[in-house]
Amino acid sequence: MRLLLIEDNTVPNTEAISDYFKHVGHLPVSCPPAEAAETVQHQTFDLLILDINLPGKSGFQLLKQQRGFVGDIPI
């Protein structure tokens with residue numbers, strides 16, 4: 001399963017989450033919130049993991065703005 005991790009604190013949060021999902025056989029990809037729209041538009045994911053405490057706007061606001069790009073991917 002390909003997972004997209006949208007997180008502003010890349011160390012240690014994203015590394016710990018990525019390491020866990022790699023360990024259980026998934027393919028995690030991480031990106032900062034500013035790159036989320038472009039990443040989702042150009043790659044295919046089975047699941048998005050979205051931080052809700054982002055600087056400048058919440059993860060809920062980011063999701064609302066990007067929902068058209070995300071389609072029906074579980075978040």
Side-chain angles (χ1 to χ4, degrees):
M1 181 180 329
R2 282 184 47 91
L3 312 171
L4 177 61
L5 308 172
I6 303 170
E7 167 67 65
D8 61 315
N9 295 317
T10 56
V11 179
N13 295 353
T14 301
E15 286 184 1
I17 294 167
S18 291
D19 288 347
Y20 171 78
F21 281 113
K22 286 177 189 174
H23 179 74
V24 296
H26 299 293
L27 301 170
V29 174
S30 62
C31 76
E35 297 174 13
E38 185 173 339
T39 302
V40 170
Q41 289 175 20
H42 294 98
Q43 297 184 45
T44 302
F45 297 98
D46 300 302
L47 177 70
L48 301 183
I49 299 173
L50 175 62
D51 182 0
I52 61 169
N53 294 315
L54 299 171
K57 67 176 85 174
S58 74
F60 296 117
Q61 291 170 315
L62 179 67
L63 174 60
K64 189 174 184 178
Q65 291 175 339
Q66 304 305 322
R67 196 60 179 159
F69 300 119
V70 174
D72 60 354
I73 300 170
I75 301 171

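The first residue of the sequence shown is numbered 1, and numbering continues consecutively from there. What's counted below: heavy atoms across the whole structure, side chains too, no hydrogens, waters or symmetry copies.
Closest of all the heavy-atom pairs between Ala36 and Leu62 is CB-CD2, 4.4 Å. Of all heavy-atom pairs spanning Pro33 and Glu7, the tightest one is CD-O, 3.9 Å. Listed here is the closest heavy atom pair of Leu50 and Leu54: CD1-CD1, 4.4 Å.
Among residues two or more places apart in sequence or in another chain, the side chain to side chain donor-acceptor pair (under 3.5 Å) test is passed with Lys57 by Gln65. Remark: Glu38 pairs with His42 by the side chain to side chain contact (heavy atoms under 4.5 Å, CB included) rule, at least two apart or across chains. For Glu15, the side chain to side chain contact (heavy atoms under 4.5 Å, CB included) partners at least two apart in sequence or on another chain are Val11. The side chain to side chain contact (heavy atoms under 4.5 Å, CB included) check on Leu27 picks up Arg2, with sequence neighbours excluded.
As a member of the Ile/Leu/Val/Met/Phe/Trp/Tyr network built from side-chain separations under 4.5 Å, Ile52 groups with Phe60. Summarising the hydrophobic clusters (Ile, Leu, Val, Met, Phe, Trp, Tyr; side-chain heavy atoms under 4.5 Å, direct or chained), the residues clustered with Tyr20 are Met1, Leu3, Leu5, Ile17, Phe21, Val24, Leu47, Ile49.
Remark: of the listed residues Leu4, Ile6, Leu48, Leu48 is the sole one forming a side-chain contact (heavy atoms from CB on, under 4.5 Å) with Ile75.
From Ser18, atom OG reaches atom CG of Asn13 across 10.5 Å, with rounding to the nearest 0.5 Å. In this structure, CG on Asn53 lies 8.5 Å from CG on Asp8, to the nearest 0.5 angstrom.
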